[in-house]
Protein chains: 2
Amino acid sequence: MSGRVRIVDVASLAGVSTATVSRALSAPETVGRATRDRVMEAVRATGYRVNGAARDLRQQRARSLLILAPNLANTFFSRIFSAIQEEASAAGLAVQISDSRIGREKLVSLGYDGRADGIVLLDGAIDPDVVNGWRLPMIQLCEWNEAYRAPRIGIDNAAAARMAVEHLADLCHRSVLHVSGPDGNVLAVTRREGFSDGVAARGIAGTTLAGDFTLEAGACAARRWAELRPRPTGVFCASDECALGFISECAALGFGVPDDVSVVGFDDIDFAHRFLPALTTIRQPREALGRAAAKALVNLLGLAQVADPGDPAIAPTIVVRSSTAPPPTDDSRVATITLD
Amino acid sequence: MSGRVRIVDVASLAGVSTATVSRALSAPETVGRATRDRVMEAVRATGYRVNGAARDLRQQRARSLLILAPNLANTFFSRIFSAIQEEASAAGLAVQISDSRIGREKLVSLGYDGRADGIVLLDGAIDPDVVNGWRLPMIQLCEWNEAYRAPRIGIDNAAAARMAVEHLADLCHRSVLHVSGPDGNVLAVTRREGFSDGVAARGIAGTTLAGDFTLEAGACAARRWAELRPRPTGVFCASDECALGFISECAALGFGVPDDVSVVGFDDIDFAHRFLPALTTIRQPREALGRAAAKALVNLLGLAQVADPGDPAIAPTIVVRSSTAPPPTDDSRVATITLD
DNA sequence: GCAGCGTCTGGAATCGATTACATCGCAGGG
DNA sequence: CCCTGCGATGTAATCGATTCCAGACGCTGC
């Protein structure tokens, strides 16, 4: 006995009206004790579950939030999704996910079909007209776009990049390479700016190669790096994936990390501390980020009792491991240092 | 002009009834040419989008499928989610995700609230009463449970494990270790069985250590392995994560892979081919698996025109890379071989 | 000229809940 | 004793689409 039980079935079994059943379930204190017990018993007996579509239609909300990410296959998002879903679930919300590259028409519909109450945007490259056309509460997470009319949550990417440069400079590297993300990407641009600022501040030489955050981009950058003269002794990759690709290809080319070159990553993905060598990297607290975004969205939806101020805990930190060390001390380098 | 446009607004602007607007949108061929054009123009002018909740209620379906996974933070699922979402999107379905450990009550609701038309189950450890209580089309993917009344899609885990053993045996390893998943898990159990079978078939020595698929489990297993006498020269880990943890800890203990010990993983995650050494592993075609599951579910929902037979392409393969090699030829081993 | 048929369109029921408003009974104050 | 007020409950409107059914219209063929 289940599946197609409606509220009228419960009502007739309990000998009350549907209004009373509805109230007994959603506002128990407004229903008399005896009646409530009778209703609850009928609910149990029939196995009744409210029909979401009917409730959503009547209440004009979907009890659901939508996550839009530029590539669901990217493992970087896993922990963020997990955190968002936990928070959402706690607030009684379901979680819908979609790749943001499903095509303009479908994308527009997603924000319009009334099946999500709010959106977590992990993509800063969607057409702003589409995004601003949605009349839903939104939060930008990690990536962002100035044109979107929505609050942002994320780390200070420029500061994070500067930390990486600082670290390499502190180890006495005088020439560093940045393997960045693609030109159009805000994260890539901001981290590159931070890199440039850091390099300028420390008076060291900085070079940039554009990549796209992937393993292959890192490997490709390693081959380019090997041909540079003089070769930078420190490398800052815009993502851990990229850094691992770089290190892996270095090994194939006969270079050791950190003996021949120091490498700093970005993100602190799960594997970073188990890579060989363990990767020095900028930690993005992904779980905290996801949680903060979900909380902020729940707040915007007016579902939270307590409004908490912006979480100050979302700061990037550098995690120093074994992929960075002082630069190799070959003759030319010693000579250079002596000249200073 | 948008957001709160209803079908009646479009109808009155176009000077037709709501029935006609509805038909013009969902079955254009049943509406006269002139009328259809007028309706479409009104749709454009008003920016009308159908209300999903209303349509779902009337049609008694949600145009949405639910993915249930035991841990959304597990990066293994990323590619699967991505593939499922692609197929679902192509079939006009939204994708909802949930961690399957959200608590029994919430879990029961998920399958009952009418907001999903079908479920992709990636968890074989949910209470069968809950799962079988759902009256929705379901597909079990990767993990499974005999008690669930739902078709399964996944690789042959026992055969896959045997392939790993074969590979090690072919390299002349005579004593191999299996770092398995946790006891209750079907994947762990099946792979362990395959391991045992393989070992027996080749007449070599096999030992098993229970882990839980994680990096740390692999690292822990490495420490245990180092204390074994004699030490197995080949290791088959039940997941790539575990294998990477094992190799990483081996390095910390002063053992080299594959010089001192050969390691085979399972899954072929993205990093496997870039790890140092590149990991020999059993490839699970995750994208194909996700795609097949989504297609099968779409078929069950009766949304597909063509029913395609079970995809035979979903077979595990072994990808041989650099983490496996013949066993080290120390004296004791040479002696043993000589005795054969 | 008319029956018969096919095409297009509109009226109204329907999906299943929530909720504004009305009603009823009873307790307490004037 | 009547009236007010309040708590508990029922009646019916409502959310916004889809779809059954029937009617209008134009043609064809006899």
Side-chain angles (χ1 to χ4, degrees), chain A residues 2-40 42-43 46-64 92 94 109 112-117 135, chain B residues 2-40 42-43 46-64 92 94 109 112-117 135:
Chain A
S2 60
R4 300 268 133 250
V5 184
R6 288 152 327 185
I7 201 169
V8 290
D9 302 322
V10 177
S12 70
L13 180 61
V16 298
S17 72
T18 62
T20 300
V21 175
S22 178
R23 279 186 293 248
L25 290 172
S26 55
E29 71 283 2
T30 66
V31 173
R33 187 115 163 64
T35 316
R36 192 197 319 156
D37 291 346
R38 220 149 14 97
V39 170
M40 291 311 191
V43 167
T46 54
Y48 171 75
R49 299 267 156 182
V50 325
N51 178 307
R55 182 217 263 150
D56 290 352
L57 172 59
R58 178 63 228 243
Q59 297 191 328
Q60 301 284 67
R61 57 216 209 72
R63 291 164 196 288
S64 167
S109 286
Y112 255 128
D113 66 3
R115 311 208 309 179
D117 296 323
R135 296 293 146 80
Chain B
S2 60
R4 301 267 133 250
V5 184
R6 288 152 326 188
I7 200 170
V8 290
D9 302 322
V10 177
S12 69
L13 179 60
V16 297
S17 72
T18 62
T20 299
V21 175
S22 178
R23 279 187 292 249
L25 290 172
S26 55
E29 71 282 2
T30 66
V31 173
R33 187 114 165 63
T35 316
R36 192 197 319 158
D37 291 346
R38 217 148 19 95
V39 171
M40 290 313 190
V43 167
T46 53
Y48 170 76
R49 299 267 158 183
V50 327
N51 178 305
R55 182 217 262 150
D56 290 352
L57 173 60
R58 178 62 229 241
Q59 297 191 327
Q60 301 284 66
R61 56 215 208 69
R63 295 168 137 68
S64 167
S109 286
Y112 255 128
D113 65 4
R115 310 209 309 179
D117 297 322
R135 297 293 146 82

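Since this is a predicted model, take the numbers as computed values, not measurements. Note on naming: letters A, B, ... go to the chains in the order of the sequence lines (proteins, then strands), and numbering restarts at 1 for each one. Side chains are part of it too, since the values below use all heavy atoms of this structure and drop only hydrogens, waters and symmetry mates.
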Integer-rounded Å distance: [N] [atom2] and [X] [atom1]:
X	N	atom1	atom2	result
Y112(B)	dG16(C)	OH	P	15 Å
L57(B)	dT18(C)	CG	P	12 Å
R36(B)	dC8(C)	CZ	P	9 Å
D113(A)	dT18(D)	CG	C1'	17 Å
D56(B)	dC15(D)	CG	C1'	13 Å
R6(A)	dC15(C)	CZ	P	7 Å
N51(B)	dT14(D)	CG	C1'	13 Å
Y48(B)	dG16(D)	OH	P	10 Å

Can you identify which nucleotide, out of [options], has its nearest atom closest to the [X] side chain?
X	options	result
Q59(A)	dT18(C), dG10(C), dA12(C)	dT18(C)
I7(A)	dT18(C), dG10(D), dA17(D)	dT18(C)
T20(A)	dG10(D), dC15(C), dC15(D)	dG10(D)
R58(A)	dG10(C), dA17(D), dA13(D)	dA13(D)
A54(B)	dT19(C), dT11(D), dG16(D)	dG16(D)
A19(B)	dT19(D), dT14(D), dT9(D)	dT19(D)

*asked:* Heavy-atom nearest nucleotide on DNA chain C for V8(A) versus A34(B): which residue maps closer to 5'?
replied: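 The answer here is A34(B).
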
*For the side chain of R23(A) and the base of dG10(D), is some donor closer than 3.5 Å to an acceptor across the two?*
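Yes, a donor-acceptor pair under 3.5 Å.
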
*May I ask you to verify whether the side chain of R55(B) and the base of dT18(D) hold a donor-acceptor pair under 3.5 Å?*
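Side chain to base: no pair below 3.5 Å.
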
*D9(B), V16(B), V50(B) screened by side chain to side chain contact (heavy atoms under 4.5 Å, CB included) with V21(B), the one that passes*: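 Considering D9(B), V16(B), V50(B), a side chain to side chain contact (heavy atoms under 4.5 Å, CB included) with V21(B) is found only for V16(B).
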
*asked:* Check this one for me: any side-chain N or O of Q60(B) less than 4.0 Å away from OP1 or OP2 of dG16(C)?
replied: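 Yes, because at least one side-chain N or O of Q60(B) sits under 4.0 Å from OP1 or OP2 of dG16(C).
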
*What does V16(A) touch in the nucleic acid at a heavy-atom separation under 4.0 angstrom: a base, only the sugar-phosphate, or nothing?*
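Touches sugar-phosphate only.
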
_Over all strands shown, is V31(B) touching base, sugar-phosphate only, or nothing at heavy-atom distances under 4.0 angstrom?_
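V31(B): backbone/sugar contact only, no base atoms under 4.0 Å.
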
*Minimal non-hydrogen separation, Y48(B) against V5(B), with atom names*: CD1-O, 3.6 Å

_Restricting to non-hydrogen atoms, name the atom on A62(A) and the atom on A116(A) that form the minimum distance, rounded to 0.1 Å._
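Taking A62(A) first and A116(A) second, the nearest heavy atoms are CB-N, 3.7 Å.
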
_Working for salt bridge (Lys or Arg N to Asp or Glu O under 4.0 Å), residues R115(A) and D56(B)_ = CA-CA 10 Å; R115(A) 311 208 309 179; D56(B) 290 352; 3.0 Å; yes

*Less than 4.0 Å between a side-chain N and a carboxylate O, is that true for D113(A) and R55(B)?*
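Looking at D113(A) together with R55(B), the answer is no, because their closest N to O distance does not fall below 4.0 Å.
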
